[in-house]
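Just below is one structure, and these are the notes that go with it.
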There are 2 protein chains.
Amino acid sequence: MAVTIKDVARESGVNVSTVSRALNGEYGVHADTREHVVAVAQRLKYRPNRVARGLVTGRSHTLALVVSDIRNLFFAEVARGAEDAAYRAGYDLVLCNSDLDPEKQMRYGQSLMEKRVDGILMNSVAVLSKKQQEQLSGLGVPIVLLNRTAPRGVFSTVCADNETGGALAAEYLLKLGHRKIAHLTGPRHHGNMTERAKGFVARLAAARRPVRPVLLHGKNNFQGGVELAQKLMAQHPDVTAVFAASDMMAFGTIRALMEAGRRIPEDVSVMGFDNVELASIVHPPLTTIHQPKYEIGQAAVEILLRLVGRGEHQGPEHRMFAVELVERQSCMERKA
Amino acid sequence: MAVTIKDVARESGVNVSTVSRALNGEYGVHADTREHVVAVAQRLKYRPNRVARGLVTGRSHTLALVVSDIRNLFFAEVARGAEDAAYRAGYDLVLCNSDLDPEKQMRYGQSLMEKRVDGILMNSVAVLSKKQQEQLSGLGVPIVLLNRTAPRGVFSTVCADNETGGALAAEYLLKLGHRKIAHLTGPRHHGNMTERAKGFVARLAAARRPVRPVLLHGKNNFQGGVELAQKLMAQHPDVTAVFAASDMMAFGTIRALMEAGRRIPEDVSVMGFDNVELASIVHPPLTTIHQPKYEIGQAAVEILLRLVGRGEHQGPEHRMFAVELVERQSCMERKA
DNA sequence: ACAAATTCCGGAAACGTTTGCAGCGAGGCT
DNA sequence: AGCCTCGCTGCAAACGTTTCCGGAATTTGT
């Protein structure tokens with residue numbers, strides 16, 4: 001059906017190997033013949049079959065991105081950064097949604113392996129058992145994770161400086177004079193969020209007059225924010241500031257607080273984390289910690305590309321991005 | 001390196017062809033030998049090389065999704081629906097961001113072709129020239145579009161009933177008593193949005209006392225909404241209701257209106273289209289037209305799968321989803 | 001009990017590339 | 001003038017599967 005390298009070879013009167021070399025710009029083929037072959041290939045609209053090439057070279061020129069849910073704005077940004085970088089390098093990016101389901105995650109790992117992807121970009125392996133993690137790393141394909149992981153040394157990692165992000169939030173709230181503070185965070189095994197919490201409570205504890213925040217765990221999405229905020233109001237009605245571990249959770253807490261008649265920021269200050277586009281859109285505009293999502297995705301595939309470059313994966317690479325506080329209107333000084 | 005079918009064959013004392021048949025569950029292999037082969041394969045942790053298989057079968061078990069930008073919430077939803085459906089069928093989904101750039105779009109088409117994807121899910125070909133469109137359809141791979149397209153018959157399509165969506169919006173605003181109405185829409189060649197506009201103005205014109213809305217074209221995102229709203233206030237300060245062609249644009253117009261001191265919905269009613277999750281989150285909660293984004297993505301790959309099923313692509317399929325008005329708090333009756 | 005049909009399995013071609021190796025001619029060096 | 005080198009090209013193997021075809025073994029039918 002399609003025109004193959006053989007057709008080009010026949011049509012231009014040379015051997016397929018010559019065609020291959022000419023088209024791939026290798027040394028050892030005369031300029032004239034190369035020109036001729038290229039011309040014929042163009043005339044025939046020859047398109048190399050990358051599957052066949054992949055079979056012999058062992059490289060598929062494909063990367064995979066497995067996230068919990070692409071509808072999460074954070075991952076959408078990361079995905080865009082990753083895809084752009086992959087595109088520039090001539091790689092494709094296959095998208096996988098794991099919902100953080102261990103079984104799904106492993107099945108994706110297997111399937112991607114069978115398809116011989118050259119590298120995998122994964123948001124977390126925290127939900128996997130030790131054995132499953134080893135199984136993954138034993139797949140022989142470089143993997144970069146989107147959070148710092150416990151067993152450093154096996155996987156590469158790219159992430160924001162979550163810990164100082166948490167510290168920044170604490171500092172800011174402290175500066176505003178808040179003393180009754182809560183932190184609404186995600187599931188317990190969520191690496192990035194635990195780091196945010198860690199930095200947050202550490203900084204609060206290190207204050208001249210230390211404060212111990214209320215800590216609540218829940219789902220990392222809008223609904224989770226709503227639920228946690230309701231719980232918070234029931235259990236600790238006196239908090240004046242809450243730091244949510246993600247913008248989506250912050251949106252949820254704002255919603256719940258408002259519905260309960262609290263004003264933001266007059267009655268309670270709310271902070272988020274991520275700085276998604278919507279953070280500047282909602283009302284009130286959300287004060288939050290910015291992390292460079294697009295750049296994270298980009299950096300991740302760059303690392304991946306380097307890793308696949310040097311055959312057997314050398315030592316993993318790690319990269320951490322700085323975060324910064326972006327001050328908007330969801331926080332204010334504690335009223336005296 | 002990896003264990004191949006030959007290893008399994010040698011280890012289990014049968015021919016590779018038998019292994020292949022046994023593992024693929026074909027007829028013509030004794031139950032005992034199949035069992036044995038399967039056991040050996042499992043013991044050796046054999047994973048078939050899908051690249052090799054793809055080379056001979058001509059099927060890569062891969063679909064592609066090319067959207068303008070995955071960060072667009074609409075596409076993120078569609079992508080999730082598509083990926084879920086693909087996953088269920090054992091297919092992979094490669095993600096491409098075109099920015100609606102014709103060149104990028106064509107390059108993706110070529111590249112995906114070379115990789116022998118089995119089908120392509122594309123949001124629009126409107127920016128492509130006639131010739132480019134033919135080139136795409138001549139690629140020999142089924143393509144389904146996310147909007148109704150002019151030259152019906154070549155591509156399959158899946159979309160919401162944008163036209164009656166527009167009509168619903170008109171009807172609603174009319175019912176609320178509005179007479180000075182504006183419609184903020186996207187770029188002129190945006191298929192779905194022109195349909196929305198069409199339904200909208202048609203319904204307004206069909207009213208007992210027909211009204212002709214102000215029509216403004218701009219970018220389909222938050223910033224576009226801001227700009228259009230500003231322009232609108234300058235040119236037609238007397239409008240009492242605006243229908244934005246997407247939720248993101250609606251968010252932008254709300255922002256611009258509020259900053260100009262207008263109250264929503266007391267001074268001006270605002271409607272959107274899409275019903276993204278955020279629509280219920282922002283303040284005020286946005287009245288909008290719901291379209292089933294997830295289901296659209298899902299349906300699109302289902303069609304694709306059917307199309308690749310029957311080898312040479314038969315006639316294209318078309319599917320349209322119903323929309324519905326979801327009433328929240330961004331609209332109210334025109335004050336007498 | 002013999003022909004025919006059926007079941008099971010092995011051999012080998014094929015898919016479309018890349019790539020190591022060898023051959024061949026021409027040109028440079030001594 | 002002979003030899004070596006070097007640039008260019010063809011040949012063929014290899015990548016890991018699937019699948020067509022034919023043969024052997026077994027079952028069925030009469």
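Everything numeric here is computed off the predicted structure, so don't read it as measured data. Below, chain A is the first sequence line, B the second, and so on; all start at residue 1.
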Quick one: the side chain of A:Ser17 and the base of D:dC11, do they pair up donor-acceptor inside 3.5 Å?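 Side chain to base: pair present.
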Examine the base of C:dG16 for any acceptor or donor lying under 3.5 Å from a partner atom in the side chain of B:Arg116, and report the outcome as yes or no.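 Check fails, no donor-acceptor contact within cut-off.
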Between atom OG of A:Ser60 and atom CZ of B:Arg50, what is the distance when rounded to the nearest 0.5 Å?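 Between A:Ser60 OG and B:Arg50 CZ, I get 11.5 Å after rounding to 0.5 Å.
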Hey, could you give me the CG/CG distance between A:Leu63 and A:Leu305, rounded to the nearest 0.5 Å?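 The CG atom of A:Leu63 sits 6.0 Å away from the CG atom of A:Leu305.
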In residues 46-53 of chain B, what residues come within less than 4.0 Å of DNA chain D, judged by heavy atoms?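 The answer is B:Tyr46, B:Arg47, B:Pro48, B:Asn49, B:Ala52, B:Arg53.
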If you find the nucleotide of DNA chain C closest to A:Thr57 and the one closest to B:Val16, which residue's nucleotide is nearer the 5' end?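 The 5'-side residue here is B:Val16.
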Judged by each residue's nearest nucleotide on DNA chain C, which is more toward the 5′ side, A:Leu55 or B:Arg34?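 It is B:Arg34 whose nearest nucleotide is closer to the 5' end.
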Go through C:dG10, D:dC11, D:dT18 for me and flag the one nearest to the B:Ile5 side chain.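 Shortest atom-to-atom distance from the side chain points to D:dT18.
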Hey, is CD on A:Gln110 packed in by over 12 heavy atoms from elsewhere, all under 6.0 Å?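 Buried by this count: over 12 neighbours within 6.0 Å.
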Below 4.0 angstrom from OP1 or OP2 of D:dT17, is there any side-chain N or O of B:Ser20?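 For B:Ser20, the contact criterion (side-chain N or O under 4.0 Å from OP1 or OP2 of D:dT17) is not met.
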Counting just side-chain N and O atoms, does B:Asn15 come under 4.0 Å of either OP1 or OP2 of C:dG11?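 For C:dG11, OP1 or OP2 has a side-chain N or O of B:Asn15 closer than 4.0 Å.
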Are B:Gln298 and B:Arg88 linked by a side-chain donor-acceptor pair shorter than 3.5 Å?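 Per modelled atom types, B:Gln298 and B:Arg88 side chains form a pair under 3.5 Å.
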Using a distance-only test with no angle check, is there a side-chain donor-acceptor pair under 3.5 angstrom linking A:Arg107 and A:Ser111?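 Distance-only check fails for A:Arg107 and A:Ser111.
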Length of the NZ-P vector between A:Lys6 and D:dG10, whole Å: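 Roughly 16 Å, once rounded to whole Å.
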Between D:dC15 atom P and B:Asp7 atom CG, what is the distance in whole Å?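 Computing the B:Asp7:CG to D:dC15:P distance gives 11 Å.
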Charged N to carboxylate O under 4.0 angstrom, B:Asp7 versus B:Lys45?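 No, no charged N to carboxylate O under 4.0 Å.
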